[in-house]
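First the structure, in the form of C-alpha coordinates, and then the observations on it.
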Amino acid sequence: MREVAVQMDETTEPNISRVAMVMATIRQRIAGRNLTPGAKLPSVRAMAATVGVSTSTVVDAYERLVAEGLILSRKGSGFYVANLAAPFSLSEVGPKLDRAVDPFWVSRQSLEADDSNLKPGCGWLPPSWLPEDGIRRALRALSRAGSTALADYGSPLGLPPLRQHIARRMAERGMAASPDQIMLTESGTQAIDLLCRFLIEPGDTVLVDDPCYFNFQALLRAHRAKIVSVAYTPSGPNVELFAETVEEHRPRLYITNSAIHNPTGATLSPVVAHRILKLADKFDLTIIEDDIFADFEHTPAPRLAAFDGLDRVIHIGSFSKTLSASARCGFIAAKREWIDGLIDLKIATSFGGGPLSAELVYKVLSDGSYRKHVEVLRSRLSKAMFDVSARLKNLGIVPWLEPSAGMFLWCRLPEEADAADVARAALKRKIVLAPGNAFSLSQSAKNFIRFNVSQTLDTRVFDVLRETLGG
(Lines give C-alpha, C1' and ligand atoms only; values in the text may rest on other atoms or scores of the structure.)
Protein backbone atom coordinates (compact mmCIF):
# COMPACT_ATOMS: atom_id res chain seq x y z
CA MET A 1 0.00 0.00 0.00
CA ARG A 2 1.60 3.30 -1.02
CA GLU A 3 2.29 5.92 1.61
CA VAL A 4 0.81 9.35 0.94
CA ALA A 5 2.64 12.47 2.07
CA VAL A 6 0.58 15.04 3.92
CA GLN A 7 1.54 18.66 4.36
CA MET A 8 -0.09 21.33 6.47
CA ASP A 9 -2.16 23.88 4.56
CA GLU A 10 -0.61 27.33 4.64
CA THR A 11 -4.07 28.77 5.23
CA THR A 12 -4.58 26.90 8.52
CA GLU A 13 -5.71 29.41 11.16
CA PRO A 14 -3.10 30.01 13.89
CA ASN A 15 -5.57 29.97 16.77
CA ILE A 16 -6.51 26.32 16.23
CA SER A 17 -4.60 23.85 18.44
CA ARG A 18 -1.81 21.83 16.85
CA VAL A 19 -3.69 18.58 17.35
CA ALA A 20 -6.77 20.05 15.68
CA MET A 21 -4.63 21.33 12.80
CA VAL A 22 -3.22 17.87 12.13
CA MET A 23 -6.72 16.37 12.27
CA ALA A 24 -8.20 19.07 10.04
CA THR A 25 -5.48 18.62 7.43
CA ILE A 26 -6.01 14.86 7.25
CA ARG A 27 -9.77 15.32 7.01
CA GLN A 28 -9.27 17.80 4.15
CA ARG A 29 -7.01 15.38 2.29
CA ILE A 30 -9.50 12.53 2.72
CA ALA A 31 -12.42 14.71 1.59
CA GLY A 32 -10.39 15.89 -1.42
CA ARG A 33 -9.46 12.27 -2.31
CA ASN A 34 -5.76 12.97 -1.89
CA LEU A 35 -5.95 10.28 0.76
CA THR A 36 -8.15 7.49 -0.54
CA PRO A 37 -9.69 4.57 1.40
CA GLY A 38 -6.96 2.11 2.33
CA ALA A 39 -4.08 4.58 1.86
CA LYS A 40 -1.38 4.49 4.54
CA LEU A 41 -0.74 7.68 6.49
CA PRO A 42 2.81 8.87 7.14
CA SER A 43 4.41 7.43 10.25
CA VAL A 44 4.12 9.45 13.44
CA ARG A 45 7.74 10.58 13.20
CA ALA A 46 7.48 11.45 9.51
CA MET A 47 4.26 13.39 10.06
CA ALA A 48 5.75 15.28 13.00
CA ALA A 49 8.82 16.24 10.98
CA THR A 50 6.76 17.29 7.96
CA VAL A 51 4.41 19.60 9.81
CA GLY A 52 6.78 20.78 12.52
CA VAL A 53 4.99 19.44 15.60
CA SER A 54 5.94 16.96 18.30
CA THR A 55 5.39 13.24 17.90
CA SER A 56 3.01 13.31 20.88
CA THR A 57 0.85 15.84 19.03
CA VAL A 58 0.61 13.54 16.00
CA VAL A 59 -0.11 10.51 18.20
CA ASP A 60 -2.95 12.42 19.86
CA ALA A 61 -4.35 13.54 16.49
CA TYR A 62 -4.16 10.02 15.02
CA GLU A 63 -5.82 8.45 18.08
CA ARG A 64 -8.68 10.94 17.93
CA LEU A 65 -9.21 10.21 14.23
CA VAL A 66 -9.24 6.48 15.02
CA ALA A 67 -11.92 7.14 17.67
CA GLU A 68 -13.96 8.98 15.02
CA GLY A 69 -13.67 6.02 12.67
CA LEU A 70 -11.93 8.07 9.99
CA ILE A 71 -8.66 6.13 10.13
CA LEU A 72 -7.63 2.67 11.35
CA SER A 73 -4.68 1.58 13.46
CA ARG A 74 -2.97 -1.68 12.48
CA LYS A 75 -0.56 -2.95 15.11
CA GLY A 76 3.00 -3.07 13.81
CA SER A 77 1.99 -1.55 10.48
CA GLY A 78 0.75 2.01 11.05
CA PHE A 79 -2.36 4.06 10.34
CA TYR A 80 -4.64 3.75 7.28
CA VAL A 81 -7.63 5.60 5.88
CA ALA A 82 -10.80 3.67 6.74
CA ASN A 83 -12.95 2.23 3.99
CA LEU A 84 -15.93 4.44 4.71
CA ALA A 85 -19.34 3.71 3.25
CA ALA A 86 -21.06 6.82 1.93
CA PRO A 87 -23.71 7.99 4.40
CA PHE A 88 -27.29 7.44 3.29
CA SER A 89 -28.63 10.68 1.81
CA LEU A 90 -32.39 11.14 1.58
CA SER A 91 -31.89 13.94 -0.92
CA GLU A 92 -30.43 11.37 -3.31
CA VAL A 93 -33.44 9.06 -3.03
CA GLY A 94 -36.35 9.52 -5.40
CA PRO A 95 -36.72 11.99 -8.24
CA LYS A 96 -34.26 14.86 -8.58
CA LEU A 97 -36.31 17.87 -7.64
CA ASP A 98 -35.54 21.53 -7.38
CA ARG A 99 -34.59 22.20 -3.77
CA ALA A 100 -37.46 24.68 -3.43
CA VAL A 101 -40.00 21.90 -3.89
CA ASP A 102 -38.43 18.83 -2.34
CA PRO A 103 -40.27 17.43 0.71
CA PHE A 104 -37.65 18.75 3.14
CA TRP A 105 -37.67 22.36 1.95
CA VAL A 106 -40.73 23.60 3.82
CA SER A 107 -39.82 21.76 7.02
CA ARG A 108 -36.23 22.97 7.07
CA GLN A 109 -37.12 26.57 6.29
CA SER A 110 -39.90 26.60 8.89
CA LEU A 111 -37.94 24.87 11.65
CA GLU A 112 -34.77 26.90 11.12
CA ALA A 113 -36.48 30.30 10.75
CA ASP A 114 -36.05 32.81 13.56
CA ASP A 115 -38.84 34.85 15.12
CA SER A 116 -38.49 37.60 12.52
CA ASN A 117 -39.69 35.24 9.77
CA LEU A 118 -43.36 34.78 8.91
CA LYS A 119 -44.32 31.14 8.32
CA PRO A 120 -47.60 30.75 6.41
CA GLY A 121 -46.15 27.53 4.97
CA CYS A 122 -45.57 25.76 8.29
CA GLY A 123 -47.87 23.10 9.72
CA TRP A 124 -48.40 24.31 13.27
CA LEU A 125 -50.18 27.04 15.19
CA PRO A 126 -48.49 30.17 16.57
CA PRO A 127 -47.35 29.67 20.21
CA SER A 128 -49.84 32.34 21.33
CA TRP A 129 -52.70 30.10 20.11
CA LEU A 130 -51.69 27.20 22.38
CA PRO A 131 -52.74 26.61 26.03
CA GLU A 132 -49.71 28.12 27.74
CA ASP A 133 -51.44 28.54 31.11
CA GLY A 134 -52.54 24.91 31.14
CA ILE A 135 -49.05 23.72 30.22
CA ARG A 136 -47.50 25.83 33.00
CA ARG A 137 -49.97 24.43 35.54
CA ALA A 138 -49.10 20.91 34.42
CA LEU A 139 -45.37 21.64 34.67
CA ARG A 140 -45.79 22.96 38.21
CA ALA A 141 -47.69 19.81 39.17
CA LEU A 142 -45.00 17.64 37.61
CA SER A 143 -42.30 19.50 39.53
CA ARG A 144 -43.90 18.16 42.72
CA ALA A 145 -44.18 14.59 41.42
CA GLY A 146 -42.19 11.70 42.83
CA SER A 147 -38.74 10.79 41.55
CA THR A 148 -40.07 7.90 39.46
CA ALA A 149 -42.14 10.22 37.26
CA LEU A 150 -39.23 12.65 36.87
CA ALA A 151 -36.31 10.28 36.35
CA ASP A 152 -37.30 6.72 35.46
CA TYR A 153 -38.06 5.02 32.16
CA GLY A 154 -41.72 4.61 31.33
CA SER A 155 -43.37 1.39 30.25
CA PRO A 156 -43.17 0.75 26.49
CA LEU A 157 -46.96 0.66 26.20
CA GLY A 158 -47.22 4.07 27.84
CA LEU A 159 -48.95 5.87 30.69
CA PRO A 160 -52.21 3.96 31.49
CA PRO A 161 -54.39 7.00 32.33
CA LEU A 162 -53.43 8.69 29.06
CA ARG A 163 -54.18 5.54 27.05
CA GLN A 164 -57.58 5.33 28.78
CA HIS A 165 -58.21 8.97 27.92
CA ILE A 166 -57.30 8.34 24.27
CA ALA A 167 -59.63 5.33 24.15
CA ARG A 168 -62.51 7.54 25.39
CA ARG A 169 -61.66 10.24 22.81
CA MET A 170 -61.66 7.64 20.04
CA ALA A 171 -65.02 6.30 21.21
CA GLU A 172 -66.49 9.80 20.87
CA ARG A 173 -65.58 9.58 17.17
CA GLY A 174 -67.07 6.13 16.70
CA MET A 175 -63.87 4.09 17.08
CA ALA A 176 -63.79 1.22 19.57
CA ALA A 177 -60.35 0.60 21.05
CA SER A 178 -59.44 -0.65 24.50
CA PRO A 179 -56.43 0.88 26.31
CA ASP A 180 -54.39 -2.29 25.67
CA GLN A 181 -54.81 -1.67 21.92
CA ILE A 182 -53.15 1.73 22.27
CA MET A 183 -49.38 2.30 22.48
CA LEU A 184 -47.93 5.73 23.14
CA THR A 185 -45.13 7.06 20.92
CA GLU A 186 -42.88 10.09 21.00
CA SER A 187 -44.88 11.72 18.16
CA GLY A 188 -47.14 11.05 15.20
CA THR A 189 -44.05 10.85 13.02
CA GLN A 190 -42.49 8.21 15.27
CA ALA A 191 -45.75 6.28 15.10
CA ILE A 192 -45.52 6.09 11.31
CA ASP A 193 -41.80 5.28 11.49
CA LEU A 194 -42.44 2.34 13.84
CA LEU A 195 -45.30 1.08 11.67
CA CYS A 196 -43.14 1.22 8.55
CA ARG A 197 -40.41 -0.75 10.35
CA PHE A 198 -43.06 -3.23 11.50
CA LEU A 199 -44.99 -3.69 8.26
CA ILE A 200 -42.74 -3.11 5.25
CA GLU A 201 -39.33 -4.08 3.86
CA PRO A 202 -37.10 -2.00 1.58
CA GLY A 203 -38.55 -2.14 -1.93
CA ASP A 204 -42.14 -2.69 -0.81
CA THR A 205 -44.74 -0.43 -2.39
CA VAL A 206 -46.67 2.13 -0.35
CA LEU A 207 -49.62 4.19 -1.62
CA VAL A 208 -50.12 7.85 -0.71
CA ASP A 209 -52.55 10.56 -1.77
CA ASP A 210 -51.60 13.13 -4.39
CA PRO A 211 -51.21 15.67 -2.89
CA CYS A 212 -50.27 14.38 0.56
CA TYR A 213 -48.36 15.56 3.62
CA PHE A 214 -44.80 15.93 2.32
CA ASN A 215 -43.17 14.19 5.29
CA PHE A 216 -45.02 10.97 4.39
CA GLN A 217 -42.86 10.92 1.25
CA ALA A 218 -39.66 11.78 3.11
CA LEU A 219 -40.22 9.11 5.75
CA LEU A 220 -41.09 6.42 3.20
CA ARG A 221 -37.93 7.20 1.26
CA ALA A 222 -35.97 6.78 4.48
CA HIS A 223 -37.42 3.26 4.60
CA ARG A 224 -36.41 2.67 0.95
CA ALA A 225 -40.04 2.08 -0.02
CA LYS A 226 -41.38 2.40 -3.54
CA ILE A 227 -44.02 5.14 -3.43
CA VAL A 228 -47.05 5.35 -5.71
CA SER A 229 -49.85 7.89 -5.50
CA VAL A 230 -53.49 8.40 -6.38
CA ALA A 231 -55.23 11.72 -7.02
CA TYR A 232 -57.22 13.17 -4.12
CA THR A 233 -60.69 14.67 -4.57
CA PRO A 234 -62.87 16.80 -2.24
CA SER A 235 -64.46 13.60 -0.88
CA GLY A 236 -61.36 11.41 -0.65
CA PRO A 237 -59.09 9.51 -3.04
CA ASN A 238 -60.32 8.99 -6.59
CA VAL A 239 -61.82 5.52 -6.13
CA GLU A 240 -61.46 4.39 -9.75
CA LEU A 241 -57.78 5.37 -9.84
CA PHE A 242 -57.33 3.85 -6.38
CA ALA A 243 -58.66 0.51 -7.64
CA GLU A 244 -56.43 0.59 -10.72
CA THR A 245 -53.36 1.51 -8.66
CA VAL A 246 -53.74 -1.18 -5.99
CA GLU A 247 -54.43 -3.83 -8.64
CA GLU A 248 -51.36 -2.85 -10.68
CA HIS A 249 -48.84 -2.14 -7.91
CA ARG A 250 -50.16 -4.26 -5.00
CA PRO A 251 -49.00 -1.85 -2.27
CA ARG A 252 -48.52 -3.14 1.26
CA LEU A 253 -49.65 0.11 2.89
CA TYR A 254 -51.83 3.13 2.24
CA ILE A 255 -51.11 6.22 4.39
CA THR A 256 -53.69 9.00 4.53
CA ASN A 257 -55.53 11.63 6.60
CA SER A 258 -59.26 10.94 6.49
CA ALA A 259 -60.73 13.59 8.80
CA ILE A 260 -58.97 16.83 7.84
CA HIS A 261 -56.74 16.07 4.90
CA ASN A 262 -53.29 17.63 4.66
CA PRO A 263 -52.77 19.71 2.54
CA THR A 264 -56.23 20.08 0.96
CA GLY A 265 -58.48 20.33 4.03
CA ALA A 266 -60.88 17.86 2.39
CA THR A 267 -63.05 15.42 4.35
CA LEU A 268 -63.50 11.75 3.49
CA SER A 269 -67.10 10.84 2.57
CA PRO A 270 -68.74 7.67 3.97
CA VAL A 271 -69.32 6.29 0.45
CA VAL A 272 -65.67 6.65 -0.51
CA ALA A 273 -64.57 5.22 2.85
CA HIS A 274 -66.63 2.04 2.31
CA ARG A 275 -65.29 1.57 -1.22
CA ILE A 276 -61.69 2.06 -0.07
CA LEU A 277 -62.11 -0.52 2.68
CA LYS A 278 -63.60 -3.04 0.23
CA LEU A 279 -60.59 -2.59 -2.02
CA ALA A 280 -58.25 -2.91 0.96
CA ASP A 281 -59.88 -6.21 1.88
CA LYS A 282 -59.73 -7.49 -1.70
CA PHE A 283 -56.05 -6.63 -2.19
CA ASP A 284 -54.81 -7.31 1.36
CA LEU A 285 -53.95 -3.66 1.95
CA THR A 286 -53.17 -2.22 5.39
CA ILE A 287 -54.17 1.42 6.00
CA ILE A 288 -52.49 3.91 8.34
CA GLU A 289 -54.97 6.65 9.21
CA ASP A 290 -53.21 9.77 10.51
CA ASP A 291 -55.65 11.74 12.66
CA ILE A 292 -53.48 14.45 14.22
CA PHE A 293 -55.98 17.22 13.38
CA ALA A 294 -58.93 15.59 15.16
CA ASP A 295 -59.49 18.34 17.74
CA PHE A 296 -59.91 20.98 15.03
CA GLU A 297 -63.22 19.46 13.88
CA HIS A 298 -66.57 21.00 14.73
CA THR A 299 -68.41 17.77 13.84
CA PRO A 300 -66.53 14.43 13.65
CA ALA A 301 -65.99 13.27 10.08
CA PRO A 302 -66.04 9.59 9.03
CA ARG A 303 -63.02 7.58 10.11
CA LEU A 304 -61.81 4.50 8.29
CA ALA A 305 -60.98 2.97 11.67
CA ALA A 306 -64.60 3.42 12.78
CA PHE A 307 -65.95 1.50 9.76
CA ASP A 308 -63.18 -1.10 9.90
CA GLY A 309 -62.93 -1.76 13.65
CA LEU A 310 -59.10 -1.64 13.62
CA ASP A 311 -58.86 -4.73 11.45
CA ARG A 312 -57.01 -3.42 8.38
CA VAL A 313 -56.82 0.15 9.61
CA ILE A 314 -54.24 1.43 12.11
CA HIS A 315 -55.22 4.72 13.71
CA ILE A 316 -52.55 7.17 14.88
CA GLY A 317 -52.57 10.64 16.41
CA SER A 318 -50.61 13.16 18.45
CA PHE A 319 -51.10 16.31 20.50
CA SER A 320 -48.59 18.67 18.92
CA LYS A 321 -51.15 20.65 16.89
CA THR A 322 -53.49 21.71 19.69
CA LEU A 323 -51.34 21.38 22.80
CA SER A 324 -47.59 21.73 22.25
CA ALA A 325 -45.01 20.66 19.70
CA SER A 326 -42.41 20.62 22.48
CA ALA A 327 -44.23 17.95 24.50
CA ARG A 328 -43.66 15.13 22.04
CA CYS A 329 -46.37 12.52 22.48
CA GLY A 330 -48.39 10.49 20.00
CA PHE A 331 -50.10 7.12 19.84
CA ILE A 332 -50.85 4.04 17.75
CA ALA A 333 -54.19 2.22 17.99
CA ALA A 334 -54.13 -1.20 16.33
CA LYS A 335 -55.44 -4.74 16.68
CA ARG A 336 -54.19 -6.52 19.78
CA GLU A 337 -52.05 -9.11 18.00
CA TRP A 338 -49.91 -6.32 16.49
CA ILE A 339 -49.37 -4.32 19.68
CA ASP A 340 -46.99 -6.86 21.25
CA GLY A 341 -44.71 -6.80 18.19
CA LEU A 342 -44.82 -3.00 18.14
CA ILE A 343 -43.80 -2.92 21.82
CA ASP A 344 -40.73 -5.05 21.03
CA LEU A 345 -39.87 -2.74 18.15
CA LYS A 346 -40.28 0.34 20.31
CA ILE A 347 -37.94 -1.14 22.93
CA ALA A 348 -35.38 -1.94 20.22
CA THR A 349 -35.46 1.58 18.75
CA SER A 350 -36.17 3.89 21.70
CA PHE A 351 -36.27 1.62 24.79
CA GLY A 352 -38.87 2.80 27.31
CA GLY A 353 -41.55 5.39 26.83
CA GLY A 354 -41.24 9.10 27.60
CA PRO A 355 -43.19 9.34 30.89
CA LEU A 356 -42.51 13.03 31.46
CA SER A 357 -44.12 14.13 28.19
CA ALA A 358 -46.97 11.65 28.64
CA GLU A 359 -47.65 12.90 32.16
CA LEU A 360 -47.60 16.50 30.94
CA VAL A 361 -49.98 15.78 28.07
CA TYR A 362 -52.36 13.84 30.32
CA LYS A 363 -52.48 16.59 32.92
CA VAL A 364 -53.34 19.21 30.26
CA LEU A 365 -55.92 17.02 28.50
CA SER A 366 -57.64 16.12 31.76
CA ASP A 367 -57.70 19.75 32.89
CA GLY A 368 -61.20 21.14 32.50
CA SER A 369 -59.77 24.16 30.67
CA TYR A 370 -58.60 22.09 27.68
CA ARG A 371 -62.09 21.70 26.22
CA LYS A 372 -62.61 25.45 26.46
CA HIS A 373 -59.23 26.00 24.79
CA VAL A 374 -60.23 23.75 21.89
CA GLU A 375 -63.58 25.51 21.46
CA VAL A 376 -61.83 28.89 21.30
CA LEU A 377 -59.26 27.46 18.90
CA ARG A 378 -61.92 26.20 16.49
CA SER A 379 -63.60 29.59 16.53
CA ARG A 380 -60.33 31.42 15.86
CA LEU A 381 -59.47 29.07 13.00
CA SER A 382 -62.91 29.51 11.42
CA LYS A 383 -62.52 33.28 11.48
CA ALA A 384 -58.95 33.09 10.16
CA MET A 385 -60.10 30.73 7.40
CA PHE A 386 -62.77 33.19 6.29
CA ASP A 387 -60.49 36.24 6.44
CA VAL A 388 -57.46 34.66 4.76
CA SER A 389 -59.57 33.06 2.03
CA ALA A 390 -61.16 36.42 1.19
CA ARG A 391 -57.81 38.24 1.08
CA LEU A 392 -56.24 35.55 -1.08
CA LYS A 393 -59.16 35.66 -3.52
CA ASN A 394 -58.58 39.41 -3.92
CA LEU A 395 -55.11 38.52 -5.21
CA GLY A 396 -56.46 35.95 -7.63
CA ILE A 397 -55.34 33.05 -5.39
CA VAL A 398 -58.29 30.67 -5.31
CA PRO A 399 -58.90 27.92 -2.71
CA TRP A 400 -59.36 24.44 -4.18
CA LEU A 401 -62.21 24.02 -1.70
CA GLU A 402 -63.53 25.77 1.40
CA PRO A 403 -62.62 23.39 4.27
CA SER A 404 -65.19 22.76 7.00
CA ALA A 405 -62.48 22.88 9.68
CA GLY A 406 -58.74 22.94 10.24
CA MET A 407 -55.98 25.38 9.41
CA PHE A 408 -55.04 24.64 5.79
CA LEU A 409 -56.12 26.26 2.52
CA TRP A 410 -54.93 24.52 -0.64
CA CYS A 411 -54.87 27.29 -3.24
CA ARG A 412 -54.24 27.71 -6.95
CA LEU A 413 -52.10 30.67 -7.99
CA PRO A 414 -53.26 32.94 -10.86
CA GLU A 415 -52.13 32.62 -14.45
CA GLU A 416 -50.23 29.37 -14.01
CA ALA A 417 -47.65 31.03 -11.74
CA ASP A 418 -44.88 28.72 -10.54
CA ALA A 419 -45.29 28.24 -6.78
CA ALA A 420 -41.61 27.36 -6.36
CA ASP A 421 -40.59 30.71 -7.86
CA VAL A 422 -43.07 32.51 -5.63
CA ALA A 423 -41.70 30.67 -2.58
CA ARG A 424 -38.10 31.57 -3.42
CA ALA A 425 -39.00 35.22 -3.87
CA ALA A 426 -40.98 35.28 -0.62
CA LEU A 427 -38.13 33.66 1.29
CA LYS A 428 -35.88 36.59 0.37
CA ARG A 429 -38.45 38.74 2.20
CA LYS A 430 -38.35 36.38 5.23
CA ILE A 431 -41.64 34.66 4.48
CA VAL A 432 -41.74 30.85 4.33
CA LEU A 433 -44.32 29.43 1.91
CA ALA A 434 -45.25 25.82 1.09
CA PRO A 435 -45.13 25.29 -2.71
CA GLY A 436 -47.48 22.65 -4.07
CA ASN A 437 -45.05 20.21 -5.62
CA ALA A 438 -43.54 19.53 -2.19
CA PHE A 439 -46.82 17.67 -1.54
CA SER A 440 -47.21 16.01 -4.95
CA LEU A 441 -45.45 12.77 -5.88
CA SER A 442 -46.52 13.25 -9.51
CA GLN A 443 -45.26 16.86 -9.47
CA SER A 444 -48.67 18.01 -10.73
CA ALA A 445 -49.18 20.86 -8.23
CA LYS A 446 -46.78 23.39 -9.71
CA ASN A 447 -49.12 26.34 -9.27
CA PHE A 448 -50.57 25.41 -5.86
CA ILE A 449 -49.56 26.66 -2.43
CA ARG A 450 -50.71 25.44 0.99
CA PHE A 451 -51.50 28.26 3.41
CA ASN A 452 -51.75 27.82 7.18
CA VAL A 453 -54.42 30.40 7.97
CA SER A 454 -53.28 30.87 11.56
CA GLN A 455 -49.87 31.94 10.27
CA THR A 456 -51.17 34.03 7.33
CA LEU A 457 -52.81 36.94 9.14
CA ASP A 458 -49.93 39.42 8.89
CA THR A 459 -50.46 42.05 6.18
CA ARG A 460 -46.86 41.58 5.02
CA VAL A 461 -47.74 38.14 3.64
CA PHE A 462 -50.33 39.59 1.28
CA ASP A 463 -48.09 42.53 0.33
CA VAL A 464 -45.29 40.17 -0.70
CA LEU A 465 -47.67 37.89 -2.59
CA ARG A 466 -49.11 40.89 -4.45
CA GLU A 467 -45.66 42.16 -5.43
CA THR A 468 -44.38 38.68 -6.35
CA LEU A 469 -47.39 37.93 -8.53
CA GLY A 470 -47.21 41.36 -10.17
CA GLY A 471 -50.59 42.45 -8.87
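None of the values given here were measured: they were computed from a predicted structure. Scope of the values below: all heavy atoms of this structure, side chains included, with no hydrogens, waters or symmetry mates.
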Got a second to check how far [X]'s [atom1] is from [Y]'s [atom2], nearest 0.5 Å?
X: Leu125; Y: Ser324; atom1: CG; atom2: OG; value: 11.0 Å
X: Arg144; Y: Leu139; atom1: CZ; atom2: CG; value: 11.0 Å
X: Leu199; Y: His223; atom1: CG; atom2: NE2; value: 10.5 Å
X: Leu253; Y: Ile314; atom1: CG; atom2: CD1; value: 7.0 Å

**Asked** Among Val272, Asp311, Leu304, whose side-chain contact (heavy atoms from CB on, under 4.5 Å) with Leu277 holds?
**Response**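 Result: among Val272, Asp311, Leu304, Leu304 is the only option passing the side-chain contact (heavy atoms from CB on, under 4.5 Å) with Leu277.
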
Side-chain donor/acceptor of [X] to backbone N/O of [Y], under 3.5 Å:
X: Glu289; Y: Ala305; result: yes
X: Glu63; Y: Ala67; result: no
X: Arg163; Y: Gly158; result: yes
X: Glu359; Y: Pro355; result: no
X: Glu402; Y: Pro399; result: no
X: Thr256; Y: Ser258; result: no
X: Arg108; Y: Val106; result: no
X: Lys278; Y: Ala273; result: no
X: Ser379; Y: Val376; result: no

Is any side-chain heavy atom of [X] closer than 4.5 Å to a side-chain heavy atom of [Y]?
X: Gln109; Y: Cys122; value: no
X: Leu465; Y: Leu433; value: yes
X: Asp209; Y: Asn257; value: no
X: Arg391; Y: Thr459; value: yes
X: Pro120; Y: Asn452; value: no
X: Phe216; Y: Ile192; value: yes
X: Ser444; Y: Asp210; value: yes

**Asked** If you measure from the Lys or Arg side-chain nitrogens to the Asp or Glu carboxylate oxygens, is any gap between Arg371 and Glu172 under 4.0 Å?
**Response**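 Yes, Arg371 and Glu172 are salt-bridged.
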
How about [X] and [Y]: are their ring centres within less than 6.0 Å of each other?
X: Phe242; Y: Tyr254; value: yes
X: Phe351; Y: Tyr153; value: yes
X: Trp410; Y: Phe439; value: yes

What are the two closest heavy atoms between [X] and [Y], and how far apart are they?
X: Pro414; Y: Ile397; result: CD-CG1, 4.0 Å
X: Leu310; Y: Lys335; result: O-CB, 3.4 Å
X: His298; Y: Ala405; result: CD2-CB, 4.0 Å

**Result of checking Tyr370, Trp129, Trp124 against Thr322 for side-chain hydrogen bond (donor to acceptor under 3.5 Å, both in side chains)** =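 The residue from Tyr370, Trp129, Trp124 that satisfies side-chain hydrogen bond (donor to acceptor under 3.5 Å, both in side chains) with Thr322 turns out to be Tyr370.
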
**Asked** Once the angle between the rings of Phe408 and Phe293 is folded into 0 to 90°, is it parallel (under 30°), tilted (30 to 60°) or perpendicular (over 60°)?
**Response**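 Judged by the thresholds at 30° and 60°, the geometry between Phe408 and Phe293 is perpendicular.
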
**Item:** Quiz item: cation-pi between Arg412 and Trp400, 6.0 Å / 45°
**Value:**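 Here Arg412 fails the 6.0 Å and 45° test against Trp400.
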
